[in-house]
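None of these values were measured; they are calculated from a predicted model. In what follows, chains carry the letters A, B, and so on, assigned in the order in which the sequence lines appear, proteins first and then strands, with residues in each chain numbered from 1.
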Amino acid sequence: MAELRNYAAPRSLAEALQVLASGPATVLAGGTDLMPQSRSARVRFASTLLNIQGVAELRGVRRRDGAVEIGALTTIATLRDDPAVRNGAPVLWQACDHFASDQIRNAATIGGNICNASPAGDTLVPLLVLDASVVLASGGAAGILERRLPLSEFLTGPGRTARRPDELLVEVHIPVPASGWVDRYVKFGTRPALDISTIALAVGGTLLDGRLENARLALGAVAPTAIRAHDAERVLAEGPLDRARIDRVVDAADATIHPISDVRASDWYRRELVHNLLRRMLTDVCPN
Amino acid sequence: MAPTPREEAFADSLIGRRVPKLDAPDKASGRTRYLHDINVPGQLHAKILRATEVHARIVSIDVEAARRVPGVHAVITAADVPWQRPIGITKDHMPLKADIVRSRRDEIAAVAADTVQAAQEALRLIRVAYEPLPIVTNSAQALGPGAPLLHGEDLRVPGRNGALEVVHKACSDNVSMAYEYGHGDVSQGERESVVVVEDVFWLHYVTHCCMGVSGVIAEFDASGSLLLYSNTQVPFLHKREFAELLGIDPGRIRIIQPPIGGGFGSKLDIYPFEPIAIFLAKITRRPVKLLFTREEEFIASPTRQPVLLKLRSGCDREGRLTFRAVDTIHDNGAYTSWGATTPFVMMQTISSLYRVPHCHYRTRAVYTNNPYAGSFRGYGNLQATFAVEAHMDKLADALGMDALEFRLLNAQDPGESTPQGMHFRSCGFKECLGTAAERSDYAAKRRRNLEHWNDGNPVKRGIGMASMLHVGGGAKMYPSDGCGTIIKLDDFAKVTLITGASEIGQGSETVLALLVCEELGLPIDSVTVVNNDTAITPWDVGVHASRTTFIGGNSAIGAARKAKRKILEIAAPKAGRTPDDLDLRGGHIVLRATGERIQEIGKFLRSLHFSEKAELVMTTYYYEPPSVHLDRNYKGNVSAAYAWATQVAEVEVDTDTGIVRLLKITAAHDVGRVLNRLGIEGQIEGGIVMGQGYALSEDLLVEDGVIRNPNFRDYKLVTAPEIPEMDVSFIETMDGEGPQGAKGVGEAPAICIAAAVANAIYNATGTRIYALPFTPEKVYRALRGSNMPPKWPADAA
C-alpha cells in the first residue's frame with residue numbers, strides 16, 4: 001500500500017477545499033472506482049485521503065434558469081429516480097439505468113464518474129450530447145473561486161482531466177434542451193447492465209422537417225476520452241436525414257474515432273459497432 | 001367424493017412435494033458459517049507466492065527479508081519440505097516447486113503470519129530469479145516435433161526408507177494420458193453412408209466461479225493427528241490421499257466440512273494450497289488458515305477441460321446413423337487433474353446417446369504451460385454433446401429429413417444395451433424429445449425461421465434442439481461407489497440422519513431427509529442431518545457423477561427401512577397383527593389397509609426404551625449400486641441408471657452486433673421421479689443458467705499461458721436480466737433401482753445448452769459456429785465470414 005498518512009472527512013466545501021489547497025490529496029466520493037483501482041495498484045493514494053461524502057451541499061438536483069444543476073456527490077441511483085432528469089435529460093437517465101448494478105448505483109456519484117475519466121464512463125456520452133459543463137471550485141476559508149469548463153474540455157485523456165490538484169468538481173451544469181429535442185442512447189456490452197461498454201453512442205438534436213438541427217453526437221470507448229464527433233455533427237446539420245446523409249455521418253464518425261483492441265473487443269469490431277449502431281440510431285430518429 | 005381413510009393416511013406423502021431446502025433460512029439470513037467465517041484460536045494466516053513466469057528454471061529464491069517481517073512465523077519453499085510428495089491424478093505435481101515452474105499458477109513459496117497483511121508484506125519481499133525456458137501454450141504444437149517437453153524427466157522423491165523413488169515417469173511426447181475406444185468397423189460404416197460430415201470444434205476455457213473462494217484450515221493436535229476444515233467434495237478419498245502425502249495413518253486424519261459456497265466439481269481434487277497449509281501447520285505447530293483472493297481463485301483453481309475435437313459422422317438413406325469417429329486433443333495444462341479423464345464421459349455420449357453401429361473414439365491429453373483443467377459439472381459431456389448435436393442437425397438437413405424425426409429414429413429405447421455395455425433399464429429419451437419439441441413448437445418455428453434469413457431485418461430468431469445422456473445412478477470409478485447411513489430415533493421420534501453424502505449446496509440434506517421421512521411417516525422437520533465430519537459419518541465416495549440423491553438416497557432409505565421394520569416387528573404382536581399389516585404414517589403406527597391409527601410413534605419409542613427390553617431404534621446401512629467397473633476397453637455398465645434430457649433453445653441474433661439473446665429454454669428431463677419438486681426445479685434452472693454462461697458469455701481468456709481476465713468485470717457470468725424464460729417438464733420413468741424411482745440430475749441441465757444454442761443460431765442466420773463461446777464479436781465475425789474456424793493440426797494426424 002502507498003504511504004497514506006492523513007485522512008480528512010470535512011463537513012463543508014470550504015473545509016474540503018482547504019485540505020486540497022494544503023497539499024496532494026486523493027479524493028474519495030462513492031469509492032466504486034477508487035477502491036478497486038487502488039487494490040489493483042492502478043491508482044496510488046496521495047498522502048492525504050479526502051473523503052468528501054460528508055459535504056452535504058454537493059448533493060442534489062436543482063432546476064434553475066433553464067438548466068439542470070447536479071451536485072457532484074449525487075448518486076447514480078438518485079439521478080435515475082429523479083423526475084427532472086428523466087423528463088429533462090432522458091438520455092442521461094437511460095445511461096444511469098444501464099449503469100453497473102444497484103449496489104454500485106447507490107454508491108457511485110456523477111462527479112466521480114466524470115473525474116474517473118474512463119473512455120467508457122457511462123454518464124460521459126449522454127453529458128456530452130447534452131452539452132454539459134462542469135464547475136470546479138478552489139480556495140478555502142478566505143473565499144471560494146469557481147470556474148466552469150465544457151465537459152469536452154475537461155476530459156483530457158484516459159483517467160486524466162483538466163482538474164488542478166487544488167480543485168474539486170462541485171457541480172454538473174446541463175442546459176435544458178429546446179422543445180422538439182430528441183435523443184437516443186445505446187450502450188453496447190455483453191450484458192444489459194453490470195458491464196463496461198464495448199462502445200457507447202448518443203445522439204441528440206432538434207427534429208425539424210426531417211432534419212436534425214443543432215445535432216450533437218458523442219461516442220464512448222472508441223478514443224482516449226469520450227468524445228463529440230464534430231465532423232459528423234456538421235454533416236448532420238447540412239440537410240435532411242436521408243440514407244445518403246446517414247452514410248456520410250457514419251463515414252465522418254468513423255474518421256473521428258481511434259478505438260483500441262483490449263480484452264473486451266478488437267478495434268475492428270468497435271468500428272463495426274459504431275457503423276451499425278449509429279446507422280440504426282439515426283434511422284430510428286428519422287424513419288424516412 | 002370424500003377421501004377414504006387410506007387415501008387420507010397417504011395424502012401426507014412427501015414425494016413430489018415442494019420442500020424448501022433445510023439450510024435455506026440460515027443462508028438467506030446470513031447465519032451460515034462458511035469456512036471464511038471460522039477462526040480457530042491461535043491460528044496463523046497463510047499466503048502463497050506464485051510464479052511470474054510461464055515456464056522457467058528457478059535459479060534462486062531469497063526469503064531472508066521475508067523471514068524478518070514482524071509477525072511472520074514461517075516462510076517455506078520446496079527446500080524446507082524435502083519430504084513433500086506429488087499430488088494429482090498421475091502424481092506429476094509437487095505442491096511447492098523446487099527447480100522448474102510450468103505455469104503462472106505455480107507455487108514457489110508460502111508464508112504463515114499473525115495477520116494476512118504481514119503475510120502479504122513477506123510475499124512482497126521474496127526474491128526469485130528465473131531462467132526462462134521455451135514455452136508451449138498450444139496443445140497441437142506441444143504434440144509437434146521439437147516441442148519443449150514439460151515433464152521430460154523422471155520425478156523422484158524420497159520414499160519411506162529415504163531413498164529416491166520415481167513417482168512420475170518421464171514423458172517423452174507431452175501426452176499425459178491417452179484413450180482409445182471402438183466398436184464395430186468405422187470403415188464399413190463409411191461404406192454404408194450416403195451422407196458423411198466432418199468438422200472440427202473448439203471448446204473453450206471456463207471456470208467454476210464458486211461464490212465461496214477456495215480455502216482450508218489445517219491443525220495438528222499434540223499427538224500429530226491432523227484436523228482439516230476443508231471445502232472438499234470427497235472427504236473420504238482425500239483423507240486417504242492426505243495420509244499418503246504426509247506418510248501417516250489415514251485414521252489420524254479428520255476432515256470437517258463447513259458449508260461450501262459452491263463446488264460444481266472444482267473440489268474433487270487436492271490442489272497445492274491444501275498440502276501447503278498443512279506443511280505450514282506442521283512447521284509452525286499452529287493452526288493455519290489459507291483463503292484465496294478472488295483473483296487467485298481465477299488463476300489457481302481448475303478450469304473446465306478445453307478440447308479440440310474432430311468429429312466425422314455418417315448416415316444411410318433412411319436416416320440411420322452409420323458410424324461416428326472422434327479424435328480429440330485435450331489441453332492438459334501443466335499438471336494432470338481430472339480434466340484429463342473427461343474422455344470416460346465423452347465416449348459414452350459418442351457411443352451411446354444415439355444408436356451408432358460403428359464407432360471410434362480417441363483422446364490425447366497434452367501437457368502445455370497453460371492452466372490445468374479439473375472436473376466441472378457435466379465432465380466432458382458439454383464438449384461431446386456440442387459436437388454430436390451439431391452433426392445431428394447437419395446430417396438431417398443434408399438428407400432433407402426433419403431434425404426431430406431424424407433424432408427419434410436413432411434414439412435409444414428402454415431395455416437396450418449399447419455396444420459400450422451401458423444398459424438402459426429405464427429410458428425416457430423419446431418422451432423427452434417429443435415433449436420438448438411439442439411444448440416449444442419446434443418443428444413449425446424451425447421451418448418459419450428459415451423464411452426470414454434474407455428479409456432485410458437485422459434481428460433474427462432461431463430455434464435449436466439438443467439432447468443428452470448422462471450417468472444417473474452413480475459411476476463406478478473407484479473400488480466402491482457406495483454410501484453409508486446411520487439413523488437414530490430419539491424418545492420423541494426425532495430422527496438424526498448421519499450420512500456420508502456431503503451437502504455442497506445441491507440440496508442433498510433436504511432430499512435425504514425427505515426420503516427418510518417418507519419411510520418413517522414423520523414430518524420433514526423431525527430430521528437433523530449430520531453430514532460434515534469424517535469422524536462421525538460413514539464412508540461415501542463423494543459428491544460427483546450426479547450420484548448423491550441416487551446412492552445416498554438408496555442408502556438412507558435402506559437405513560430407514562431397517563428402522564421401520566424394527567418398529568413394526570415389535571409393535572405387531574402387541575396389536576395382534578403381523579408386521580406387514582402395519583405401516584408408519586403421519587407420526588403414527590397405522591393399519592396399512594385402512595390407515596387406522598394404532599399408536600403414536602414417539603410414544604411407542606418411549607415404551608420400547610423404558611421397558612424391560614430397554615432398546616433404542618438405531619440402524620445402519622451401506623448401499624452399493626449394482627454397477628460395474630469399465631473393462632480395459634472402456635466397456636461396462638458403469639452406472640445403475642442413466643438420465644436423459646432434451647432441451648430446446650430459442651434465440652434472437654442481432655446481426656448488426658453479433659449479440660445473441662437466449663429467449664427461452666424448453667427442457668424435458670427424464671429424472672426417474674421427482675422427489676423434492678422445489679429442489680429439482682432449482683437444480684434444473686441453475687444448470688440451464690450455467691450452460692447459458694458456457695454458451696454465450698463466460699470465457700477465461702488464456703494467452704501465452706496468462707489469464708487475462710481474472711475478475712468478474714471481464715469474466716462475464718450470466719446476470720439476472722439475461723436469464724431466459726424456462727419451461728421444464730419432468731419425464732417420470734420410475735427407475736427400478738432408483739430411490740423411489742428417481743435418478744441423478746445434478747449435471748444434466750447444463751449439458752445441452754451450448755449445443756442447442758449453436759443449432760438455434762444456425763436456424764436464425766444460416767451460419768454455423770464451431771467454436772465456443774458465442775460472444776458478440778465472435779458471432780459477428782462468423783456472420784461476416786471473417787473468423788477462423790478451428791482447424792485440426794497437421795502434426796497431430
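- No side-chain donor-acceptor contact under 3.5 Å links B:Y715 to the backbone of B:F298.
- Interface with chain B: from residues 112-123 of chain A, no residue qualifies, criterion being any non-hydrogen pair under 4.5 Å.
- At a heavy-atom separation below 4.5 angstrom, chain B is approached by A:F188, A:G189, A:T190, A:R191, A:P192, A:L194, A:D195, A:I196 within residues 186-197 of chain A.
- For the set B:N711, B:T657, B:L701, B:L696, the count of heavy-atom pairs under 4.5 angstrom toward chain A peaks at B:T657.
- Counting only distance, with no hydrogens or angles, the side chain of A:N87 and the backbone of A:P83 share a donor-acceptor pair below 3.5 Å.
- Comparing B:T775, B:N709, B:L717 by heavy-atom pairs within less than 4.5 Å of chain A, the highest count is held by B:L717.
- Residue A:S101 does not touch chain B at all, counting heavy-atom pairs closer than 4.5 Å.
- Residues A:D242 and A:R211 are not paired through a salt bridge, judged by the lack of any N-O separation under 4.0 Å between the basic side chain and the carboxylate.
- Between the side chains of A:N276 and B:Y780, a donor-acceptor pair is found at a separation under 3.5 Å.
- The candidate with the highest count of non-hydrogen atom pairs below 4.5 Å against chain A, out of B:P776, B:P458, B:S786, is B:P776.
- At least one test fails for B:R294 against the ring of B:F712: distance under 6.0 Å to the centre or angle within 45° of the axis.
- Looking at B:D656, both its backbone and its side chain come within 4.5 Å of chain A, counting heavy atoms on both sides.
- With a 6.0 Å cutoff to the six-membered ring centre and a 45° limit on the axis angle, B:R768 counts as a cation-pi contact of B:Y762.
- Salt bridge absent: B:R105 and B:E296 never bring a charged side-chain N and a carboxylate O closer than 4.0 Å.
- With respect to the salt-bridge test (charged N to carboxylate O, under 4.0 angstrom), the residues B:K778 and B:D699 qualify.
- Side chain of A:R216 to backbone of A:R228: no donor-acceptor contact under 3.5 angstrom is found.
- The choice from A:R280, A:H275, A:R264 that makes the most heavy-atom pairs within less than 4.5 Å of chain B is A:R280.
- The only member of B:N138, B:D331, B:T137, B:T303 that meets side chain to side chain donor-acceptor pair (under 3.5 Å) when paired with B:N370 is B:D331.
- Side-chain polar atoms of A:D231 and A:T256 form no donor-acceptor pair below 3.5 angstrom.
- A distance-only check finds a donor-acceptor pair linking the side chain of B:E297 to the backbone of B:S214 [under 3.5 Å].
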